[in-house]
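Reading through the structure tokens given below for one structure.
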Amino acid sequence: MNYWLIKSEPEMCSYADLEQSPKQTTYWDGVRNYQARNTLRDLMKKGDRCFFYHSNAEPSGIAGICEVVKEGYPDWTAFEKGHEHFDEKSDPDNPTWFMVDVKAVRPMPRLITLAELKSVKGLEKMVLLQKGSRLSVQPVTAKEWAIVCKHAGVAP
DNA sequence: GCCAACGTTGGC
DNA sequence: GCCAACGTTGGC
């Protein structure tokens, strides 16, 4: 099983919003970065676990854990004229962008803030904490996953 | 709102 | 292929 961290602006879709979605599941769309696209399309597998991270938030941090329930498929929001994520260059017959479906697993007992994560031993190499890291889907090592869960007091 | 870091675009 | 200009992300 692989571990990931996915970012979402809580104004758009918070962890609570995910929990309140039908079947606690939603599609995670709007990624318009090639590296992140490759991860979504090729690497994320059913059953993989993800930290659900609130970005651009007050404060930012990990809000919960979710699970990949549908592997990479074309991000149809790129095909819809007028949609916020419309991209005229993405051809439905040869899509540029992909997305996955994720399902809520469990919330963190409290938000694990970015500032807090920076001070946790063993997370120094975590992609999220690297300077200038802007990737909206990033790999998390099994070790980092365990450390964060232990720190937060939740089952991995 | 500011700004650093990064990705993309496009002229050459 | 280089690189300046521009747009976006996201912490603060």
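Labels below follow one simple rule: chain letters A, B, ... track the order of the sequence lines, proteins then strands, and each chain is numbered from 1. For clarity, every value in this text was computed on a predicted model and none was experimentally measured.
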The criterion is ring pair (Phe, Tyr, Trp, His ring centres under 6.0 Å); which residues satisfy it with A:Phe51, sequence neighbours excluded?
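Ring pair (Phe, Tyr, Trp, His ring centres under 6.0 Å) list for A:Phe51, sorted by chain: A:Trp145.
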Starting at [atom1] of [X] and ending at [atom2] of [N], how long is that distance when rounded to a whole Å?
X	N	atom1	atom2	value
A:Asp87	B:dT8	CG	P	12 Å
A:Asn33	B:dT9	CG	P	11 Å
A:Lys131	B:dA5	NZ	P	4 Å
A:Trp97	B:dG7	CH2	P	13 Å
A:His85	C:dT9	NE2	P	9 Å

Using a cutoff of under 3.5 Å, can you pull out all pairs of nitrogen or oxygen atoms linking the protein to nucleotides 10-12 of chain C, with atom names and distances?
| residue | atom | partner | partner atom | Å |
| --- | --- | --- | --- | --- |
| C:dG10 | OP1 | A:Lys7 | NZ | 2.9 |
| C:dG10 | OP1 | A:Arg134 | O | 2.9 |
| C:dG11 | OP1 | A:Tyr53 | OH | 2.8 |
| C:dG11 | OP2 | A:Asn56 | N | 3.0 |
| C:dG11 | OP2 | A:Ser60 | OG | 2.8 |
| C:dC12 | OP1 | A:Lys118 | NZ | 2.7 |

Got a donor-acceptor contact below 3.5 angstrom from the A:Glu71 side chain to the A:Lys46 backbone?
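Looks like yes, one N/O pair under 3.5 Å.
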Strictly under 6.0 Å, is that where the ring centroids of A:Tyr34 and A:Trp97 end up?
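Judged by ring-centre distance (under 6.0 Å), A:Tyr34 and A:Trp97 do meet the cut-off.
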Please report the interatomic distance OG(A:Ser55) to CG(A:Leu114), rounded to the nearest 0.5 Å.
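Going from the OG atom of A:Ser55 to the CG atom of A:Leu114 covers 10.5 Å.
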Between A:His85 and A:Asp29, do the side chains contain a donor N or O and an acceptor N or O under 3.5 Å apart?
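A pair is found: one side chain offers a donor N or O, the other an acceptor, under 3.5 Å apart.
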Does A:Thr25 have any side-chain hydrogen bond (donor to acceptor under 3.5 Å, both in side chains) partners at least two apart in sequence or in another chain, and if so, which?
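With sequence neighbours excluded, A:Thr25 shows a side-chain hydrogen bond (donor to acceptor under 3.5 Å, both in side chains) to no residue whatsoever.
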